[in-house]
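Bear in mind that the values here come from a model prediction, so they are computed numbers and not experimental data. Atom set for the values below is all heavy atoms of this structure, side chains included, hydrogens, waters and symmetry mates excluded.
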Amino acid sequence: MMRMRLPKIACIALVVAIGIGSALRQSQFRASAADGIATGAGAADREGHLHVPDDYRTTYQLLGSWAIAADEGKGSKEVHVVYASPGTIDAYRKTKRFPDGAVLIKEVFKSATAEMTTGTVSRADVLKGWFVMMKDTANRHPDSALWGDGWGWSWFDAGDRSKTTTTNYRDQCQGCHVPAQASDWVYVDGYPPLEP
């Protein structure tokens, strides 16, 4: 087997190019995360179509969870687990506002309730879908029925994280958030990591 040998100068140039490219990517991510912009990377395209990023469970930060009480009997009927994109929590702690580009992802699960040694316990069971919000202080998509009041809004059924079933955020999303309008449409009191 013949090995191809590159001249030393070509090897040095290749190593320098790789290093510069890596440094640029890292500095762009740091700058974006500080501004809350990298946070939106992977959650929306240029046309404003939101989707659920593939890596949110490993790259986003856990904000908190909610248990929705059962209509009858003990336990919960749903468990909601909410994540924030990188940089969002730190930015919010400094300004008490969500930065432009911040993404919040809420997983909605049917729950399973059982008796355990600690008492009646409900846990996340079957995923129903995701609710995604992306902060938009610049009003980038004024003609979209999925963007407004400072956010992009979309629900995704568990079967397809790339295609929203939401057609109008005012009719299908915002109603649940009206009590939280004063805190930028988000129930911040349920998220301990946002506290300084």
Side-chain angles (χ1 to χ4, degrees), residues 26 28-44 50-70 75-114 116 118-137 149-162 164-166 169 173-174 176-177 179-196:
Q26 289 176 1
Q28 287 170 342
F29 178 79
R30 279 194 302 271
S32 296
D35 296 336
I37 296 169
T39 60
L50 291 169
H51 63 274
V52 182
D54 292 334
D55 62 351
Y56 75 92
R57 281 189 176 167
T58 57
T59 59
Y60 281 37
Q61 296 174 290
L62 181 65
L63 258 187
S65 59
W66 299 83
I68 311 304
S76 302
K77 63 180 175 181
E78 287 183 349
V79 174
H80 299 179
V81 182
V82 183
Y83 298 84
S85 53
T88 298
I89 292 172
D90 288 340
Y92 186 89
R93 284 177 180 166
K94 290 176 188 169
T95 64
K96 293 294 184 195
R97 298 196 179 281
F98 290 97
D100 190 58
V103 178
L104 304 179
I105 297 177
K106 175 171 61 177
E107 297 174 321
V108 177
F109 293 92
K110 290 181 183 177
S111 68
T113 300
M116 299 182 74
T118 54
T120 304
V121 176
S122 293
R123 64 169 174 79
D125 190 23
V126 177
L127 180 68
K128 293 175 72 174
W130 301 268
F131 181 59
V132 177
M133 292 176 70
M134 183 172 177
K135 185 64 181 169
D136 178 30
T137 58
D149 290 299
W151 291 91
W153 316 65
S154 285
W155 169 262
F156 300 84
D157 290 331
D160 189 350
R161 68 172 56 197
S162 64
T164 184
T165 58
T166 305
Y169 85 93
C173 304
Q174 196 174 41
C176 292
H177 292 254
Q181 183 175 357
S183 54
D184 203 12
W185 302 99
V186 178
Y187 293 93
V188 295
D189 55 339
Y191 303 127
L194 294 180
E195 293 299 318

So, do Ile68 and Ser111 sit near enough that their side-chain heavy atoms are less than 4.5 Å apart? no

Starting from the C-alpha separation in whole Å, work towards a yes-or-no answer on side chain to side chain contact (heavy atoms under 4.5 Å, CB included) for Val108 and Leu127. CA-CA 6 Å; Val108 177; Leu127 180 68; 5.8 Å; no

Do other residues, nucleotides or ligands put more than 12 heavy atoms under 6.0 Å from Arg161 CZ? yes

Nearest atoms (heavy-atom pairs only) where Ser183 meets Val186: OG-O, 2.7 Å

Taken to the nearest 0.5 Å, the spacing of Tyr56 OH from Glu107 CD works out to 3.0 Å

Say whether, by atom type as modelled, one donor and one acceptor occur between the side chain of His80 and the main chain of Lys106 under 3.5 angstrom. no

Side chains of Trp155 and Asp157: is there a donor and an acceptor less than 3.5 Å apart? yes

So, taking the atom named CD1 in Ile89 and the one named OH in Tyr83, what distance separates them when rounded to the nearest 0.5 Å? 12.0 Å

Any side-chain to backbone donor/acceptor pair from Arg93 onto Pro193? Under 3.5 Å, distance only. yes

Within this structure, what is the NZ-NZ distance for the pair Lys110 and Lys77, rounded to the nearest 0.5 Å? 12.5 Å

Separation between CG of Leu62 and CZ of Arg57, rounded to the nearest 0.5 Å: 11.0 Å

Please report whether the ring centroid of Phe98 lies less than 6.0 Å from that of Trp151. yes

Distance-only side-chain donor-acceptor flag, Tyr187 / Trp66, under 3.5 Å: no

Considering only heavy atoms from C-beta outward, does the side chain of Tyr92 approach that of Tyr191 to under 4.5 Å? no

To the nearest 0.5 Å, atom CG of Asp184 lies from atom NZ of Lys135 at 3.5 Å

If you round to the nearest 0.5 Å, how far is CE of Met133 from CH2 of Trp153? 4.0 Å

Is any side-chain heavy atom of Phe131 closer than 4.5 Å to a side-chain heavy atom of Ser154? no

Heavy-atom neighbours of Lys96 NZ exceed 12 at 6.0 Å: yes

Looking at Gly75, is its backbone amide N or carbonyl O close enough to the side chain of Thr113 to form a donor-acceptor pair, meaning the two atoms are under 3.5 Å apart? no

Evaluate the side-chain proximity of Thr88 to Tyr60: yes if any heavy-atom separation is below 4.5 Å, no if none is. no

When you measure from the side chain of Asp136 to the backbone of Gly152, do you find a donor-acceptor pair of N or O atoms at a distance under 3.5 Å? no

